[in-house]
Amino acid sequence: MKLTKRPTTFSYFELLDACKEPGCPICRLGQRSAQRHLTSLIYDGVNDVPLRATLRDSYGYCHNHAWLLPESGESAPLGIAIIHRDILNTLRAQLGEERYNKKRRTSLRAALAGALNPDQAADRPDSTRHLPQKAICPACERLLEAEHLAFASLLEALDKKDQPMRSALESSAGLCIHHLRQGLNAARSQQAFDALARITEAQLSTLIDDLDEFVRKNDHRFR
């Protein structure tokens, strides 16, 4: 099927709207998708068997998304209690099966490094760790999926010189450094790479000018 000149995916139009709001538009779409997942969980997903299995494998939601659960609906307390009772029962059963093994011993520094860098820890075989996490936080998974769709729409639009998307990105707050890095690395053409880089340079220049003026006005010589 031949692509139209302008992308028409749902995420394309969501991205245009996100560019009108404060902050990084990619972050906003990812966070919105994660929040939708949490709200859906509280309203009709507490008894979802596959989701409950995933939550047991991930030992629940990550720190950030677990704290968002109480804000996901009026019935959140009961839903949270049911979900975490299941997770805690699973953890208690698994903990009862764990045994000390000198070969598995690791230094405190290495253990803390793994906690601070979960991506690196995930690269190590599960057999070398106690209580291995078999799945990622479901809300994080939704967040990453939404970011992937948003990036695909953004880079495709920039590659095709889509003026509405370019104008929306230019008038936005721009991408955060994390998503800027990802976007530059994922660009499939010189056109998309240059557009993203040049738009961001202009936004940074404007921000630097604003900060320079703020600093100048706080100088006692100009008060």
Side-chain angles (χ1 to χ4, degrees), residues 6-42 45 54-55 58 60-73 76 115-122 133 135-160 162-189 192-211 214:
R6 179 182 302 175
T8 57
T9 60
F10 181 61
S11 57
Y12 170 85
F13 296 104
E14 278 199 319
L15 185 56
L16 286 178
D17 290 337
C19 286
K20 301 175 184 177
E21 302 182 57
C24 170
I26 304 294
C27 285
R28 180 170 292 279
L29 290 179
Q31 293 164 359
R32 183 180 299 167
S33 180
Q35 185 60 63
R36 285 173 180 167
H37 163 78
L38 296 175
T39 302
S40 175
L41 167 77
I42 293 301
T54 299
L55 286 168
S58 66
Y61 289 98
C62 67
H63 179 272
N64 290 337
H65 291 130
W67 281 102
L68 290 177
L69 271 174
E71 305 173 9
S72 301
L116 293 173
N117 299 283
D119 292 337
Q120 295 180 13
Q133 185 177 354
I136 69 169
C137 163
C140 287
E141 187 174 13
R142 301 302 188 282
L143 182 149
L144 293 173
E145 289 173 351
E147 290 183 348
H148 174 78
L149 289 173
F151 260 128
S153 290
L154 174 63
L155 294 176
E156 181 184 358
L158 293 179
D159 181 51
K160 294 180 179 295
D162 185 83
Q163 191 56 47
M165 180 63 74
R166 185 184 180 98
S167 298
L169 187 60
E170 287 174 341
S171 61
S172 74
L175 303 186
C176 65
I177 182 63
H178 172 68
H179 287 130
L180 174 62
R181 184 185 298 114
Q182 286 187 340
L184 293 174
N185 288 332
R188 295 184 177 181
S189 68
F193 182 94
D194 289 346
L196 183 56
R198 302 295 86 79
I199 290 173
T200 304
E201 285 178 345
Q203 291 169 328
L204 293 177
S205 295
T206 300
L207 181 57
I208 291 170
D209 289 342
D210 289 343
L211 294 174
F214 177 80

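This structure is a prediction, so every number in the text was calculated from the model and none was measured. One-based numbering along the sequence shown.
Under the side chain to side chain donor-acceptor pair (under 3.5 Å) criterion, Arg28 pairs with Glu21, sequence neighbours left out. Under the rule for a side chain to side chain donor-acceptor pair (under 3.5 Å), the partners of His178 that lie at least two apart in sequence or sit in another chain are Gln182. Residues passing the side chain to side chain donor-acceptor pair (under 3.5 Å) test with Ser171: none are found, sequence neighbours excluded. A search for ring pair (Phe, Tyr, Trp, His ring centres under 6.0 Å) contacts involving His179 returns Phe151, not counting sequence neighbours. Contacts of Arg188 classified as side chain to side chain donor-acceptor pair (under 3.5 Å), with partners at least two apart in sequence or in another chain: none.
What you find for Gly30 and Ala146 is that their closest heavy atoms are CA-CB, 4.0 Å. The two residues His65 and Leu143 come nearest to each other via the heavy atoms NE2-CD1, 4.2 Å. In this structure, Cys19 and Ala168 approach most closely via the heavy-atom pair CB-O, 3.4 Å. Contact between Ala173 and Gln203 at its shortest, heavy atoms only, is C-NE2, 4.3 Å. In terms of heavy-atom proximity, Tyr12 sits nearest to Pro164 at OH-CB, 3.9 Å. For Gly183 against Leu155, the heavy-atom pair with the smallest separation is O-CD2, 3.9 Å.
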### Task
Might you work through the side chain to side chain contact (heavy atoms under 4.5 Å, CB included) test for Leu175 and Cys24, ending with a clear yes or no?
CA-CA 5 Å; Leu175 303 186; Cys24 170; 4.1 Å; yes

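At distances below 3.5 Å, not a single donor-acceptor pair connects side-chain atoms of Glu14 with backbone N or O atoms of Ala150. With hydrogens and angles ignored, the 3.5 Å screen pairs no side-chain donor or acceptor of Ser33 with any backbone N or O of Leu29. Of the possible donor and acceptor atoms, none in the side chain of Ser40 sits under 3.5 Å from a partner among the backbone N and O of Arg36. Put simply, the side chain of Gln35 never gets that close to the backbone of Glu71: no donor and acceptor are under 3.5 Å apart.
Note: Asp194 CG to Asp159 CG = 11.0 Å, rounded to the nearest 0.5 Å. Interatomic distance, CG of Leu38 versus CG of Leu68, reported as 6.0 Å (0.5 Å rounding). Interatomic distance, NE2 of His63 versus SG of Cys137, reported as 12.0 Å (0.5 Å rounding). Put simply, CG on Leu154 and CG on Leu196 are 6.5 Å apart, with the number rounded to the nearest 0.5 Å. Of the inter-residue distances, the one linking Thr39 atom OG1 with Arg32 atom CZ reads 12.5 Å to the nearest 0.5 angstrom. Considering SG of Cys62 and CD of Glu141, their distance stands at 12.5 Å, rounded to 0.5 Å.
Side-chain atoms of Phe193 and Leu158, non-hydrogen and from C-beta on, never get closer than 4.5 Å to each other. Contact annotation: the side chain of Ile26 approaches that of Leu15 to within less than 4.5 Å [non-hydrogen atoms, C-beta and beyond].
Sorted by first then second residue, the salt bridge (charged side-chain N to carboxylate O under 4.0 Å, His left out) pairs that include residues 164-185, not counting sequence neighbours, are Arg166-Glu170.
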